[in-house]
Amino acid sequence: MAGFRLFDLNPEQQKAVLTTDGPLLILAGAGTGKTRVITSRVAYLISEGVSPSNILAVTFTNKAAKEMRERLAAMVEKSAASKVLMSTFHALCVRILRSGIEHLGYKNNFSIYDEGDQLGLIKKIITRTAAQDEKLDPHLAKNLISKAKNNGWREPAPGEEKSLVGAVFARYQAELKTLNAVDFDDLLLLAVQLLEEHEVVRRKWQDRFHYLMVDEFQDTNRLQLRLITQLADERKNVAVVGDDDQSIYGWRGAEVTNILEFESHFPNPTVVKLEQNYRSTNAILQTANILIRNNPRRRVKNLWSAQEGGSKVRLIAMPDDRQEAQFIGDDIQNLQMTEGVKWEDFAVLFRMNSQIRLVEQVLRQLKIPYKVVGGKSFFDRREVKDLLAYASCLLNTDDDVSLLRIINTPARGLSPSLVEQATAHSSRMRSSVWNALRDAAFQAGLTTRSRTAVQAFVGLVDRYETLLNQPLSDQPALLREMIEEVGYLEDLRRTCKTPEEGLSRENNVKDLLKSFDEYGEKSSEGLRGFLDEMMLRQEREEEDEDDKGSGVWLITLHAAKGLEFPYVYLAGLEEGVIPHDRSKMEGTVDEERRLLYVGITRAKRNLAITWCQQRIKFGSVTPCNLSSFAKELPAEFVEQKSLVQMQNTPVSAESAKSRFEAMLAMISKL
DNA sequence: CGGTCTATAATTTTT
DNA sequence: TTATAGACCG
């Protein structure tokens, strides 16, 4: 326990830490030590005698929550640190709902549906709801429903009920309730409803938390603000930390106005601006500052850095995207060789995933290790979803989506047509498929063979459900046993095309079972808690362990938020890429500017921005123009050149470093 | 029913 | 160019 030392913080940071009571708005610019301030503030509260269990810190991602927990653990006593609740919005809502959702007519063993489950259910409802000539894209429907829910709608808006989307929305919500399931949006929506409508519950939670802290406040949506408002009692000890200039998630419901109009939600707040940046050189920082000044409606900030000077930002014109990629690869290799920069100190930032490919190819050719951030989720994997579905069924047999997923996996004589009959019967009964399967009237209409199969399945689930619910049952062992009994692994192996694929899938299953074992050892929440955690932890599987540790980062601007790198390349500063063509139609050019701002402020000491005169789009060569944002960059800190120019520069026989210096000298003469 | 073909569209992504 | 969805055919 290193403790925390106030005198390590700058005056503004200190003010943020020492202001404990009443609403507090901490405007934390990029690289100004935000996490440090939050954790120090928690440590300070504890040192002032606040009970750790009365403190709540909310974040967006599990990663952020974890990092905060770790940092806090280094500052205060372990026992105290573990009592502070540091949680994501969604995990907090699960907690609230598990202990009170019955007020809303759900059972507290509700299942949590992820996007895939959600989509499946919506598809089913669309086919049942749409007339012959009507069509509705399930993805579109899902997005619309999600948007509506994030704006607080629990049912279609008046006038919307008769439209197809409206009808699907209404049925979808009703169906979820029958299945005793909630989707990610419901977690927030229902938690807010519960707190707003049930005073007992609200009191209980207000009583629990006396000090609230919210990270990345610029990313909160309406529901999240309402949740915070409900949790804050008359004490209003709400400290929010954020940076409106880094609000880049408007398209998924984030309301910048939450931070811009903080005063109207929490009157008379203390406002602290953190403007000293500890990350970048002034050249980089001023470039970012001057760019972002072009945005209307923002909290004016002026970031500064004690790291005077620094090399200018390079803005380089490239003939085309291939040469852009080649340049980036060469430049990285050069710097690595001449200056010994580590691979993981380089990052290449992109507006779109599709841009990544070319650079990836070049790096592969140059044998430069790299890692692409993003990509396939562990949870999209069939076998993982299957296993979680088995678990979910045991805990909530009414969970149709999970039940249907595993009902004939592995094959056990429950054919799709039989399942279809069961589903139809469940609709008639207005009940779950599980209840339909057990219904005598349903079974009576089946062939002997089908009936036997149904009864066997019902028996199986019943048996394990009972075992699992016995106090002191060894749940991880039971799940394992069930998987074994149904012959899941054999089936998995059989359905894989290659033995390698089979092996890797099998390992995924084993890993999952193992992590359940481990979870069981450190937690008493059992399978329920484990499943909740798995559902809410859909994080990408990267940097986890193994070899992937080191390498050049290839990453989108969005995914790069919160990260920092000594050497940054920002590829594709073209009109249409950033700002993206779409943004002009949608009127979100400001957000694109913020996105560029986020990109620039990722760089610690070196930033190269490139753009192409032409680029291959959708297979054909398309001419491109320099982004309109380029005009907004300050000439004082940005040097413009072109690849051709650089290639024509006379090259000495000396090292690349002196070549670079010669170039600098030459440019300063111009 | 399942595989193959053709039309279509094309940011950003966490929980 | 490439991914995906729906149509179409064996």
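Quick note: numbers below take in every heavy atom, side chains included, and nothing from hydrogens, waters or symmetry partners. Proteins come first, then strands; the chains are lettered A, B, ... in the order of their sequence lines, and each starts at number 1.
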note = Between CG of Leu557(A) and P of dT13(B) the distance, given in whole Å, is 9 Å
key: Candidate nucleotides dT14(B), dA5(C), dT15(B), ranked by approach to the side chain of Leu536(A) - the nearest   = dT15(B)
inquiry  = From CZ of Arg95(A) over to P of dT15(B), roughly how many Å is that when rounded to an integer?
reply    = 17 Å
inquiry  = Near DNA chain B, counting only heavy atoms under 4.0 Å, which residues of residues 582-594 of chain A show up?
reply    = Arg582(A), Glu586(A)
query = With centres under 5.5 Å and planes under 30° as the test, does His558(A) stack with dT12(B)?
reply = no
inquiry  = I'd like to check Pro296(A) versus Asp590(A) (side-chain heavy atoms, cut-off strictly below 4.5 Å). Are they in contact?
reply    = yes
request  = Mind checking salt bridge (charged side-chain N to carboxylate O under 4.0 Å, His left out) for Arg615(A) and listing every partner two or more places apart, or none if nothing turns up?
outcome  = Glu324(A), Glu574(A)
key: dG6(C) and dT11(B), which share atom name C1', separated by this distance in whole Å   = 25 Å
Lys522(A): partners by salt bridge (charged side-chain N to carboxylate O under 4.0 Å, His left out), with sequence neighbours left out = none
task = Before accepting this row, confirm whether a basic side-chain N of the pair Arg252(A)/Asp219(A) lies closer than 4.0 Å to the acidic partner's carboxylate O.
result = no
Enumerate all atom pairs, one protein N or O and one N or O from nucleotides 6-8 of chain C, separated by less than 3.5 Å.
none

query = When the ring planes of Tyr249(A) and His558(A) are compared, do they come out parallel, tilted or perpendicular, using 30° and 60° as the limits?
reply = tilted
note = Taken to the nearest 0.5 Å, the spacing of Ser111(A) OG from Leu395(A) CG works out to 7.5 Å
ask   = Are side-chain heavy atoms of Asp320(A) and Gln326(A) found at a separation under 4.5 Å?
value = no
remark   = Closest non-hydrogen contact found for His265(A) with Asn258(A) is CD2-O, 3.8 Å
query = Is a side-chain N or O of Ser515(A) found less than 3.5 angstrom from the main chain of Asp511(A), in a donor-acceptor match?
reply = yes
task = Using a strict 4.0 Å threshold on nitrogen-to-oxygen distance, state whether Arg71(A) and Glu67(A) make a salt bridge.
result = yes
task = Find out whether Leu121(A) and Leu179(A) are in side-chain contact, i.e. whether some heavy atom of one side chain is under 4.5 Å from a heavy atom of the other.
result = yes
key: Arg98(A): partners by side chain to side chain donor-acceptor pair (under 3.5 Å), with sequence neighbours left out   = Asp532(A)
request  = Check the distance between dT13(B)'s P and Asn143(A)'s CG and give it to me in whole angstrom.
outcome  = 14 Å
ask   = Which residues within residues 347-365 of chain A lie with some heavy atom under 4.0 Å of an atom in DNA chain B?
value = Arg351(A), Met352(A), Asn353(A)
message = Under the side chain to side chain contact (heavy atoms under 4.5 Å, CB included) test against Cys93(A), which residue among Leu227(A), Thr88(A), Leu223(A) passes?
response = Leu227(A)
ask   = Rounded to whole angstrom units, what separation is found between the CD1 atom of Ile555(A) and the P atom of dT12(B)?
value = 13 Å
inquiry  = Checking Asp321(A) now: which residues fulfil salt bridge (charged side-chain N to carboxylate O under 4.0 Å, His left out) with it, not counting sequence neighbours?
reply    = none
message = If I take atom CZ in residue Phe60(A) and atom P in nucleotide dT12(B), what distance separates them, rounded to the nearest angstrom?
response = 20 Å
query = What nucleotide, of dT14(B), dT11(B), dA5(C), holds the atom closest to the side chain of His580(A)?
reply = dT11(B)
ask   = Going by number, which of residues 84-94 of chain A have a non-hydrogen atom under 4.0 Å from DNA chain B?
value = Thr88(A), His90(A)
query = For the side chain of Asn62(A), counting heavy atoms from C-beta on, which of dT13(B), dT15(B), dA5(C) is nearest?
reply = dT15(B)
ask   = Is Lys107(A) salt-bridged to Asp398(A), cutoff N-O under 4.0 Å?
value = yes
ask   = Roughly how many Å is it from CG in Leu187(A) to P in dT14(B), rounded to a whole number?
value = 17 Å
task = Please state how far atom CZ in Arg252(A) lies from atom C1' in dT13(B), giving the value in whole angstrom units.
result = 5 Å
Would you tabulate the nitrogen or oxygen pairs shorter than 3.5 Å linking the protein to nucleotides 5-8 of chain B?
none

query = Is there a side-chain hydrogen bond (donor to acceptor under 3.5 Å, both in side chains) between Glu632(A) and Asn294(A) once you walk through the steps?
reply = CA-CA 8 Å; Glu632(A) 302 174 8; Asn294(A) 291 289; 3.2 Å; yes
ask   = Does the Thr622(A) side chain pair with the main chain of Ser620(A), one donor and one acceptor, at a distance under 3.5 Å?
value = yes
task = For Glu196(A), enumerate each residue passing the salt bridge (charged side-chain N to carboxylate O under 4.0 Å, His left out) test, keeping only those at least two apart in sequence or located in another chain.
result = Arg226(A)
key: Interatomic distance, Lys142(A) NZ vs dT13(B) C1' [rounded to whole Å]   = 10 Å
key: pi-stack flag for Trp251(A) and dT12(B), centroid dist under 5.5 Å, interplanar under 30°   = yes
message = Below 4.0 angstrom, which residues in residues 610-628 of chain A have at least one non-hydrogen atom near DNA chain C?
response = Phe618(A), Gly619(A)
Less than 3.5 Å apart, which donor and acceptor atoms pair up between the side chains of residues 577-586 of chain A and the rest of the protein, not counting sequence neighbours?
unit_1    : atom_1 : unit_2    : atom_2 : d
His580(A) : ND1    : Arg582(A) : N      : 3.0
Ser583(A) : OG     : His580(A) : O      : 2.6
Lys584(A) : NZ     : Glu575(A) : OE2    : 3.0

